[in-house]
Amino acid sequence: SGTDSAIILRGSQATSDNPVQFGQTGQIGDIPYLIPLTAFGKPHGGLKLAIVSTHPSNPVQDAIDYNRVILKRRKKQVEKMLREIEPRLEAVEALQAGQSGQQGSSSSPLIYADLGLSEMIPVTQLGQGFNRLLDIYSEIVAADAKVLLVDEIENGLHHSVMPVIWKGLFLASKEFDVQIFATTHS
């Protein structure tokens, strides 16, 4: 039907005599995707897929996920890419900054940005676009994925920054050997 779509990634040698064996399926928004076990007639051997959807993220989970960037020693690379959009950015940290010393209190980690102010601020205060880019760039540098699917890449981003974002994504995809598939409604 006219409203059904699917993203199908498969090797160039998929024919009727050589059917594609799908190893990973899922959905981005309303669009299903299918990733084959083989490409170019050979097994993928560990093809890893990362997905960035349009659904609002959980700030606590984002902080936990950002720790992968830190553990892989790629924090400076993410900060450099983000600095193209937010020049005041000095650092991005995943911190557990709750009330200390209170019995029974627990704090959850959050991501904070150093913009040169007297205190770091939660990145949730920097807007949806900044948080979305932080998610995308973190996935590229820390997920070790070979394919990144990004749904509605422009969500939360002003059209004037898109050329800078595309340039950053192009450079990151080359550096980390990631193929990026992005959808847009623009």
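Computation of the quantities below employed the complete heavy-atom set of this structure, encompassing side-chain atoms and omitting hydrogens, waters and symmetry-equivalent molecules.
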Engineer: What I want to check is whether the side chains of Glu152 and Thr183 have a donor and an acceptor closer together than 3.5 Å.
Structural biologist: no
Engineer: Does any part of the side chain of Phe176, heavy atoms only, come nearer than 4.5 Å to the side chain of Val141, both counted from C-beta?
Structural biologist: yes
Engineer: Got a sec, which residues hit side chain to side chain donor-acceptor pair (under 3.5 Å) with Arg88, two or more places apart in sequence or on another chain?
Structural biologist: Glu86
Engineer: Under 3.5 Å, which donor-acceptor pairs link side chains of residues 58-65 to any protein atom two or more places apart or in another chain?
Structural biologist:
{"from": "Asn58", "atom 1": "OD1", "to": "Val60", "atom 2": "N", "distance (Å)": "2.8"}
{"from": "Asn58", "atom 1": "OD1", "to": "Gln61", "atom 2": "N", "distance (Å)": "3.3"}
{"from": "Gln61", "atom 1": "NE2", "to": "Asp65", "atom 2": "OD1", "distance (Å)": "2.9"}
{"from": "Asp62", "atom 1": "OD2", "to": "Ser57", "atom 2": "OG", "distance (Å)": "2.7"}

Engineer: Other members of the hydrophobic cluster containing Phe170, with the 4.5 Å side-chain heavy-atom rule, please.
Structural biologist: Leu171
Engineer: Would you call Ile165 and Glu84 a side-chain contact if the rule is heavy atoms closer than 4.5 Å?
Structural biologist: no
Engineer: Could you work out, with side chain to side chain donor-acceptor pair (under 3.5 Å) as the rule, every residue matching Arg83, not counting sequence neighbours?
Structural biologist: none
Engineer: Identify, with sequence neighbours excluded, every residue that meets side chain to side chain donor-acceptor pair (under 3.5 Å) alongside Ser173.
Structural biologist: none
Engineer: Would Val178 and Lys146 count as a side-chain contact (heavy atoms from CB on, under 4.5 Å) if you check the C-alpha gap in whole Å, the side-chain angles of each, and the deciding distance to 0.1 Å?
Structural biologist: CA-CA 5 Å; Val178 177; Lys146 293 299 174 193; 5.8 Å; no
Engineer: Report yes if the side chains of Leu148 and Val52 come closer than 4.5 Å at any heavy-atom pair, otherwise no.
Structural biologist: yes
Engineer: Do Glu93 and Lys75 sit within salt-bridge range, that is, some charged N less than 4.0 Å from a carboxylate O?
Structural biologist: yes
Engineer: Is any side-chain heavy atom of Val78 closer than 4.5 Å to a side-chain heavy atom of Val92?
Structural biologist: no
Engineer: Can you confirm whether Trp166 sits close enough to Leu169 that some side-chain heavy atom of one is under 4.5 Å from a side-chain heavy atom of the other?
Structural biologist: yes
Engineer: Can I get a per-line list of side-chain donor-acceptor pairs under 3.5 Å for residues 115-129, giving both atom names and the distance, sequence neighbours left out?
Structural biologist:
none

Engineer: Are Glu79 and Arg74 close enough for a salt bridge, meaning some N to O gap below 4.0 Å?
Structural biologist: no
Engineer: For the residue pair Leu82 and Ile85, establish whether any side-chain heavy-atom pair is separated by less than 4.5 Å.
Structural biologist: no
